[in-house]
Amino acid sequence: MLIIGPPGSGKGTQAERISERLSVAAISTGDIFRAHVKGGTPLGVEAGKYMDAGDFVPDSVTNEMVRSRLSQDDVDNGFLLDGYPRTVAQIDYLDGVLAARELTLDVVLQLTADDEELVERLLGRARETGRSDDNEAVIRHRLDLYHEQTEAVVATYARRTILTRVDGIGAIDEVTDRVMDAIGSPGTAALVRAP
Ligand code: AP5
């Protein structure tokens with residue numbers, strides 16, 4: 001499955017919980033990039049320039065990284081991709097990777113939340129952890145990119161009728177309950193059909 005949502009909507013928080021409950025590997029492209037940045041690898045040096053500005057890392061870097069991660073054995077029991085795909089071009093690439101491995105997506109979970117609430121959340125995280133892309137100008141740019149590019153990804157999966165949408169506002173446990181309800185019953189009313 002995939003988890004998609006604007007910056008700060010709780011993708012990483014909920015992905016960790018879903019991964020534990022369903023015993024599937026959670027794969028966050030943002031976390032992989034940050035590990036490379038921390039390790040000072042060439043990929044990290046390249047990616048860090050884009051991440052600090054709140055821009056997407058180029059597909060030439062991101063796609064290959066995802067393909068390589070999905071070739072590892074721990075995805076055989078299922079996987080949860082957090083933060084990928086973010087562009088329609090990345091969907092095309094992922095389709096090819098999954099087809100080559102004879103894998104299919106069961107569900108795409110979208111977390112929704114109001115932009116202003118997300119800015120407040122991420123400014124709160126900035127005070128606690130100092131993540132380099134959590135300052136107001138960069139947060140707003142990340143939100144703009146979500147609306148400009150990633151909403152088209154959401155629309156594509158809605159057309160494929162595998163999208164389920166969950167309100168990401170509320171206590172973390174409440175959101176987890178909503179998520180588990182929604183993904184526990186794909187094929188029901190939780191699925192968003194294309195208009
Ligand atoms: P990434 O790390 O994926 O960043 P993001 O999409 O901006 O999302 P965040 O990690 O900020 O938020 P989240 O939705 O995971 O929420 P979280 O659970 O952390 O990507 C970083 C960068 O990497 C990108 O900008 C780009 O440069 C690059 N990148 C990644 N993928 C890429 C791709 N596919 N293509 C190209 N480039 C890519 O929670 C956020 C905060 O809110 C936390 O403090 C949390 O405790 C709190 N919180 C969570 N839930 C709640 C709740 N219900 N109520 C109150 N607080 C909450």
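The first residue in the sequence is number 1, and the count goes up from there. Each ligand, and each atom within it, is numbered from 1 in the order the structure gives.
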So which heavy atom in the protein is nearest [atom], and how far is it from that ligand atom?
atom	answer
atom 34 (N) of ligand 1	G83 O, 2.9 Å
atom 43 (C) of ligand 1	R125 CD, 4.0 Å
atom 23 (O) of ligand 1	M51 CE, 3.6 Å
atom 15 (O) of ligand 1	G12 N, 2.9 Å

Can you give me the closest heavy-atom contact between [X] and [Y], atom names plus distance?
X	Y	result
I32	I27	CD1-CG2, 3.9 Å
I169	A113	CD1-CB, 3.7 Å
V88	A152	CG2-CB, 3.8 Å
T13	I172	CG2-CG2, 3.7 Å
Y93	Y84	CD2-OH, 3.4 Å
P7	L143	CD-CD2, 3.8 Å

Checking salt bridge (charged side-chain N to carboxylate O under 4.0 Å, His left out) for the pair R101/D76: CA distance, chi angles, key distance, verdict?
CA-CA 10 Å; R101 296 212 52 200; D76 289 346; 3.1 Å; yes
Heavy-atom contact check, 4.0 Å cutoff: does [X] meet ligand 1?
X	value
S9	yes
P6	yes
P58	no

Indicate, as side chain, backbone, both or neither, the part of [X] found under 4.0 angstrom from ligand 1 when only non-hydrogen atoms are considered.
X	result
V57	both
P85	neither
R142	side chain
D55	backbone
F33	side chain

For [X], is at least one N or O under 3.5 Å away from an N or O on ligand 1?
X	answer
T29	yes
Y50	no
T13	yes
G8	yes

Any chance you could lay out the side-chain contact (heavy atoms from CB on, under 4.5 Å) test for T29 and R69, step after step, and finish with the verdict?
CA-CA 10 Å; T29 41; R69 181 63 186 83; over 6 Å; no
Out of [options], who is nearest to [atom] when you count heavy atoms only?
atom	options	answer
atom 13 (P) of ligand 1	K49, K11, E174, E128	K11
atom 20 (O) of ligand 1	R121, M65, R86, E117	R86
atom 53 (N) of ligand 1	G170, G10, A53	G170
atom 35 (N) of ligand 1	Q90, R131, Q14	Q90

Any idea which atoms of ligand 1 are less than 4.0 Å away from a heavy-atom of [X]?
X	answer
R34	2 (O), 21 (C)
G168	53 (N)
Y84	34 (N)

Check the pair E120, R125 against salt bridge (charged side-chain N to carboxylate O under 4.0 Å, His left out), reporting the backbone distance first and the verdict last.
CA-CA 9 Å; E120 287 310 310; R125 181 171 68 184; over 6 Å; no
Determine, stepwise, if the pair F56 / T150 fulfils side-chain contact (heavy atoms from CB on, under 4.5 Å).
CA-CA 11 Å; F56 291 160; T150 310; 3.8 Å; yes
Please walk me through it: do R86 and D59 pass salt bridge (charged side-chain N to carboxylate O under 4.0 Å, His left out)?
CA-CA 10 Å; R86 288 182 198 227; D59 285 355; over 6 Å; no
Other residues, nucleotides and ligands only: do more than 12 of their heavy atoms fall within 6.0 Å of CD on E16?
no
Step by step, would you call V107 with I162 a side-chain contact (heavy atoms from CB on, under 4.5 Å)?
CA-CA 5 Å; V107 62; I162 54 170; 5.6 Å; no
Between D95 and R160, is a salt bridge (charged side-chain N to carboxylate O under 4.0 Å, His left out) present by the stated rule, with each step listed?
CA-CA 12 Å; D95 285 345; R160 294 184 185 183; 2.8 Å; yes
